[in-house]
Amino acid sequence: MIRPAVAADIYRESFRNTRRERLFLSSVSFFATFAATRTITHSIRNGIGPFRNLIVGGRHFHHLVLGIGGLLGSGYLWLVHVETQSSAAGMTTDDGLAKFNSILYGGASALTLDE
């Protein structure tokens, strides 16, 4: 079994390029959200587990709405966080917000596509 410190070193080594890391996080978020959404949808249709259709104002609330809201939110965050400094000057804006936005984008894309 790999120790957490060794796993962290492997992760940092694999993702020295922050753009590549954000693409990876977005992809993992997309596939995990898509799989979870499909699983929950099938369990609702088959009456399995605690999940039920969400009804708002007498109408079914589609997860597409959450996906679109997430996509709009991630787009707005990107606009707020867009790199304004010159990368030639060594200024980068990669931080937790950029990683969070990548995860939000991937999950919201999966919710939208799944509908």
Side-chain angles (χ1 to χ4, degrees):
M1 184 153 99
I2 297 177
R3 294 187 327 247
V6 174
D9 289 341
I10 292 170
Y11 183 87
R12 279 192 292 276
E13 181 67 29
S14 298
F15 296 110
R16 286 185 184 186
N17 181 331
T18 57
R19 179 176 294 160
R20 185 174 171 192
E21 180 183 24
R22 290 190 307 265
L23 288 170
F24 171 76
L25 292 172
S26 182
S27 296
V28 168
S29 175
F30 176 88
F31 290 116
T33 302
F34 194 85
T37 303
R38 286 285 82 216
T39 300
I40 292 169
T41 301
H42 284 293
S43 69
I44 289 170
R45 288 184 180 171
N46 295 324
I48 300 170
F51 305 108
R52 301 288 177 259
N53 279 324
L54 181 59
I55 307 295
V56 178
R59 301 194 65 146
H60 175 69
F61 185 81
H62 290 273
H63 55 272
L64 172 71
V65 175
L66 298 174
I68 291 171
L71 287 173
L72 290 171
S74 69
Y76 184 76
L77 273 177
W78 177 78
L79 289 172
V80 168
H81 194 257
V82 68
E83 185 172 286
T84 56
Q85 295 88 4
S86 168
S87 51
M91 303 296 284
T92 63
T93 59
D94 186 61
D95 57 3
L97 181 61
K99 292 175 186 177
F100 169 77
N101 199 31
S102 298
I103 293 167
L104 175 64
Y105 175 78
S109 297
L111 287 173
T112 303
L113 182 65
D114 181 69
E115 192 64 41

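The structure displayed is predicted, hence computed values, not measured ones. Start at 1 with the first residue, then count along the sequence.
Residue pairs that meet the ring-ring contact (aromatic ring centres under 6.0 Å, His included) test with at least one member in residues 95-115, sequence neighbours left out, do not exist here.
Not one N or O on the side chain of Asp114 forms a donor-acceptor pair closer than 3.5 Å with the backbone of Ala110. Put simply, the side chain of Thr39 gets close to the backbone of Ala35: a donor and an acceptor are under 3.5 Å apart. When atom types are taken as modelled, the side chain of Ser43 and the backbone of Ile40 share a donor-acceptor pair closer than 3.5 angstrom. Between the side chain of Ser29 and the main chain of Gly107, a donor-acceptor pair closer than 3.5 Å is present.
One hydrophobic cluster, built from ILVMFWY side chains closer than 4.5 Å, holds both Leu25 and Phe15. Under the 4.5 Å side-chain heavy-atom criterion for Ile, Leu, Val, Met, Phe, Trp and Tyr, Leu71 and Tyr76 are members of distinct hydrophobic clusters. Under the 4.5 Å side-chain heavy-atom criterion for ILVMFWY residues, a single connected hydrophobic cluster contains both Leu72 and Leu64. The hydrophobic clustering, which links ILVMFWY residues whose side-chain heavy atoms are closer than 4.5 Å, places Val56 and Leu111 together. Residues Tyr11 and Val28 fall within the same hydrophobic cluster, defined by Ile, Leu, Val, Met, Phe, Trp and Tyr side chains chained together at heavy-atom separations under 4.5 Å.
Applying the 6.0 Å contact sphere to CZ of Arg20 captures no more than 12 heavy atoms from other residues, nucleotides or ligands. Residue Arg3 qualifies as open at atom CZ: its count of foreign heavy atoms under 6.0 Å is 12 or below.
With contacts defined as side-chain heavy-atom distances shorter than 4.5 Å, the pair Thr41/Phe51 does not qualify.
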